[in-house]
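Shown next, in structure tokens, is the structure this report addresses.
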Amino acid sequence: MADIPEKFLKPYSPSETEGRIYKLWEESGLFNPDKLGERHKEPFTIIMPPPNANGSLHAGHAVFVTIEDLIIRFKRMQGHKTLWLPGADHAGFETQVVYEKKLEKEGRSRFGMDPEELRKEIMDFTLHNKQFMEGQLRELGSSCDWSREKFTLDSDIIKTVYGTFQKLYNDGLVYRGKRTVNWCPKHQTSLSELETESTEEQTPFYYLKYGPFTIGTVRPETKFADKYVVVHPNDRRYAKYKHGDKLTVEWINGPIEATIIKDEAVEKDFGTGAMTITPAHSQIDFEIAKRHGLDVEPIIDLRGKLLPLAEEFAGQKITEARAKIVEKLTAKGLLVKTDENYKHTIKRCYKCLGAIEPQVRDQWFIKMPPLAKPVIEKIEKDEIVFYPEQYQKIMLHWLRSIEDWNVSRQIVWGIPIPAWYHEKKCIPKPGREEDVGKCIETIVSLDQPECEFCNAKYEQDSDTFDTWFSSGQWPFATLGFPDSKDFKEFYPTQVMETAGEIIFFWVARMLMLGLYRTGKLPFSTVYLHGIVTAKDGQKMSKSKGNVISPLELSEKYGTDALRMALIIGNTPGTTTALYEEKINAYKKFANKLWNISRFIFEMTPHTGKDSELTKEDAEKWKIFTDLSKEITDDLENYRFYLAGEKLYHYLWHEFADKIIEESKDILKGENTLEKQSRVFLLNSVLSSSLKLLHPFMPFITEEIWQSSPWKNGSTPLMIETWPH
RNA sequence: GCGCCCUUAGCUCAGUUGGUAGAGCAACUCAUUUACACUGAGAAGGUCGGGGGUUCAAGUCCCUCAGGGCGCACCA
């Protein structure tokens, strides 16, 4: 019997342990790859997906922290020079929406506020949350290098982002132009395709008399100024009309001169095969208008209200105006019939689920096909490994049908677009009178440009970048592209681990922008975890009231138990249910491990010397080392769920239930050789098991290690050598 | 429309290149000052969604049907 620390006489207490252990790691400096010893040569890098600094961490964050920390701890023990670079995301639109809700509660609104004032307020809010979030990452055991932490609004990040925009502009891959954008009338900004979602709805489909034509529409409220009627060039029903023919028709607010347009975009079999177009509020109509040089007249303002063109309906919200307009159409005898069973999909803002109102606006776009092409080629050559592998196909499918990306947002919370526009007034500088008209209207530049020819000023674009434009450059921007030591040493990184949900938003953009800017793909492995759901498989959401906070769980059951619950049963890409019974099971496991250690420390005074194993013990050792190899192999191949389960099963039902139970008789017995062999076996299995288990349950394994007789000076378990 | 995935024990899910089904939880029967009740022992539970094919051998590969989920794009 040996004396053991008193704490082993009580059940394992995470709350008395975790803070102390984290401090021990952090003070050792070993999260920083530069502080790791000689053994750690080959770099292994993970760039953390920066959590949004606008709230608490949720279960999804806990998953990424657990998986990434697991990989990093495993690689660190194997002897890699590991860098896990943490960050925080200003999360442009997301944060602005969160902040707007806060303003709303306070009875305030962002509209009418001074943009600079608003920006400052959101910055304070974000920085406060950022600090809070960092504390939570620590509680979850993150062994990331805090000395290299980055924020998406750091000046060096912005500089890199501007550099990329400038390069895209110089290469002709950026353009500014009038195009139909997804406009959210509530949030007063345009959105990318990814930021909208479609819902199917049943909407009345109206057939309206438009002169000799009958046209179909679901949106009579946009039709006031419709002066083009479009039919397919091969439609025999309308063969007697020629492209460009004009005729006067009686319309909603009186007679209107209509022009006939023939365009192949019209489906002959849909409706009557004839439609009028509203180019200002429909992408397809806009494209038709562009092809034929037609007028584009706005009908709806940015708040979703009808413009003066609508005469008596002006100022009304489109949703309210529709019924009244239909009433008027009916009264005028223009309504032919209504199909009440028509189903179509409409786009909605992914945040407020309000209907998107297409608007034609001047916006910045990035040409995506040229950026996607080289990435597609690399993926086809298997230069990236996807876990789960079906995401390779999903990614290729998306990249092959990619569309240009609207990167300008009409919100203040973000990185301002470095574009400058020439003032309207233009008085030539003395002596440059003959250069009138040569002034460059738009300049992309970091600094305020000066006009060569006149005294006019350049004003900066008031829009900001889509957050994902800057996040898409995160791996090389955080490492100090292009010249820093870190960039040269740690780029390209090894693994990108993130939520499957943001594969297009983020992963695809990082691949494209990373390859474009640095010539190399930013990572060689993509691991995508699924959504964490409640026990019944329902998505966690505040409105359902089934959200469970990872920090509360970690306080109640211990971080290690939470981590195990998040790893085991969590295969890449699939949803994982997280619930208290499951976490509790691993809390019990932590205690089991605690008592295994207590038994061994108490009953088997460690001699510090290797002993010869009996034939029986050698067999047991062989079984363990085989398992250890299997676990290493599982971890190398990202099968964390399997490795975790195997360790759990072995330690509890083999080591504790069988080996330790039978050891009781051996240790009480008289056979010295058998006893020495068994003492050596128990110590060896436990010390190696703690190492194997450390990436999964870092706190308790480190705590036990610190009390163990085989501890190597002050070296934490965190950098002990991985068992071979 | 285009694409991806799922269906295995009551529940949640594993099952890596085809070798004859596993874990956790729940439920059942015992044990009860044990390193640990945050426990142990034991037993029970599945024709692997249906059908067909390839094979000596299929939960695993191919085809097909049914049910479910997801992504992308859509005609006013």
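All values below come from the heavy atoms of this structure, side chains included, with hydrogens, waters and symmetry mates left out.
Not one side-chain nitrogen or oxygen of A:Lys588 sits closer than 4.0 Å to the OP1 or OP2 atom of B:rC36.
In this structure, A:Ile596 reaches the bases: a heavy-atom distance under 4.0 Å links it to at least one base atom across the strands shown. Heavy atoms of A:Val230 sit nowhere under 4.0 angstrom from any nucleic acid atom. Contacts of A:Tyr391 with the nucleic acid, taken as non-hydrogen atoms under 4.0 Å apart, are absent. Counting non-hydrogen atoms under 4.0 angstrom, A:Gln390 reaches the backbone sugars and phosphates but no base. Using a 4.0 Å heavy-atom distance criterion, A:Ile284 is classed as a sugar-phosphate-only contact. Among the heavy atoms of the strands lying under 4.0 Å from A:Tyr342 are primed sugar atoms or P, OP1, OP2 only; no base atom is included. If you check every strand for non-hydrogen atoms under 4.0 Å, A:Phe504 touches sugar and phosphate atoms only. Counting non-hydrogen atoms under 4.0 angstrom, A:Ala656 reaches a base of the nucleic acid.
For A:Lys592, the listed nucleotide lying nearest its side chain is B:rU39; candidates were B:rG71, B:rU39, B:rA23. Residue A:Arg639 places its side chain closer to B:rU16 than to any other of B:rU16, B:rA23, B:rU12. Closest to the side chain of A:Val218, out of B:rA76, B:rG40, B:rC74, is B:rA76. Distance from the side chain of A:Asn591 is smallest for B:rC36 among the nucleotides B:rC36, B:rA76, B:rU16. Nearest to the side chain of A:Pro11, among B:rC36, B:rC38, B:rA14, sits B:rC38. Distance from the side chain of A:His397 is smallest to B:rC2 among B:rC2, B:rG24, B:rC13.
For the C1' atoms, the distance linking B:rA66 with B:rC30 amounts to 45 Å, nearest Å. If you take atom C1' in B:rC62 and the same atom in B:rA23, they sit 31 Å apart, rounded to whole Å. Using atom P as the reference point in both B:rU34 and B:rC48, the two lie 47 Å apart (nearest Å). Distance check on atom P: B:rU54 versus B:rG15 gives 28 Å, rounded to whole Å. Separating the C1' atom of B:rC36 from that of B:rG71 is a span of 48 Å, rounded to the nearest Å. Spacing between B:rC63 and B:rC28 at atom C1', rounded to whole Å, works out to 44 Å. When the C1' atom is used for both B:rG42 and B:rC4, the distance is 45 Å, rounded to whole Å. Taking the C1' atom of each, B:rA35 and B:rA9 are spaced 33 Å apart, rounded to whole Å.
Taking the six-membered ring for Trp and the full ring otherwise, A:Tyr650 and A:Phe624 have centroids separated by under 6.0 Å. When ring centroids are compared, A:Tyr648 and A:Phe696 stay outside the 6.0 Å threshold. Residues A:Tyr527 and A:Phe640 place their aromatic rings such that the two centres sit under 6.0 Å apart. Taking the six-membered ring where the residue is Trp, the centroids of A:Phe205 and A:Tyr342 are separated by under 6.0 Å.
Here B:rG59 sits opposite no nucleotide as a Watson-Crick or G-U wobble pair (both hydrogen-bonding atom distances under 3.5 Å). Across all strands shown, B:rU7 pairs with B:rA66; the Watson-Crick or G-U wobble distances both stay below 3.5 Å. B:rU16 is unpaired under the Watson-Crick or G-U wobble criterion, no partner having all donor-acceptor distances under 3.5 Å. Across all strands shown, B:rC30 pairs with B:rG40; the Watson-Crick or G-U wobble distances both stay below 3.5 Å. Remark: B:rA35 base-pairs with no nucleotide; criterion is Watson-Crick or G-U wobble with both hydrogen-bond distances under 3.5 Å. With a cut-off of 3.5 Å on both pairing distances, the Watson-Crick or G-U wobble partner of B:rG71 is B:rC2.
The residue among A:Thr571 and A:Tyr586 whose nearest nucleotide of RNA chain B is located toward the 5' end is A:Thr571. Of the two residues contacting RNA chain B, namely A:His653 and A:Arg598, the nearest-nucleotide position lying further toward the 5' end is that of A:His653.
Atom CG of A:Asp633 is separated from atom C1' of B:rU16 by 9 Å (rounded to the nearest Å). Taking atom CG of A:Asp657 as the reference point, atom C1' of B:rA41 lies 9 Å away to the nearest angstrom. Atom OH of A:Tyr12 and atom C1' of B:rC38 are 13 Å apart (whole Å). For the pair A:Ile568 CD1 and B:rA23 P, the interatomic distance rounds to 14 Å; values are reported in whole Å. Atom-to-atom, CG of A:Leu9 to C1' of B:rU34 comes out at 15 Å; the value is rounded to the nearest Å. Between the CD atom of A:Glu197 and the P atom of B:rA73 there is a distance of 12 Å, given to the nearest Å. When rounded to the nearest whole Å, the span between NZ of A:Lys337 and P of B:rA76 equals 17 Å. Taking atom CD on A:Glu193 and atom P on B:rA73, their separation rounds to 6 Å, with Å as the unit.
A:Val249 has its side chain within reach of A:Pro212: a pair of non-hydrogen atoms, C-beta onward, lies under 4.5 Å apart. Side-chain contact between A:Ile700 and A:Ile21 is absent, with no heavy atoms from C-beta onward closer than 4.5 Å.
With hydrogens and angles ignored, no donor-acceptor pair under 3.5 angstrom links the side chain of A:Lys393 to the base of B:rC4. The base of B:rA41 does not come close enough to the side chain of A:Glu661 for any donor and acceptor atom to sit less than 3.5 Å apart. In this model, a side-chain donor or acceptor of A:Thr345 finds a partner on the base of B:rC74 within 3.5 Å.
A distance-only check finds no donor-acceptor pair linking the side chain of A:Glu357 to the backbone of A:Ile300 [under 3.5 Å]. A distance-only check finds no donor-acceptor pair linking the side chain of A:Arg598 to the backbone of A:Trp594 [under 3.5 Å].
Ionic pairing of A:Arg400 and A:Glu380 is present here: one or more N-O contacts between side-chain nitrogen and carboxylate oxygen are shorter than 4.0 angstrom.
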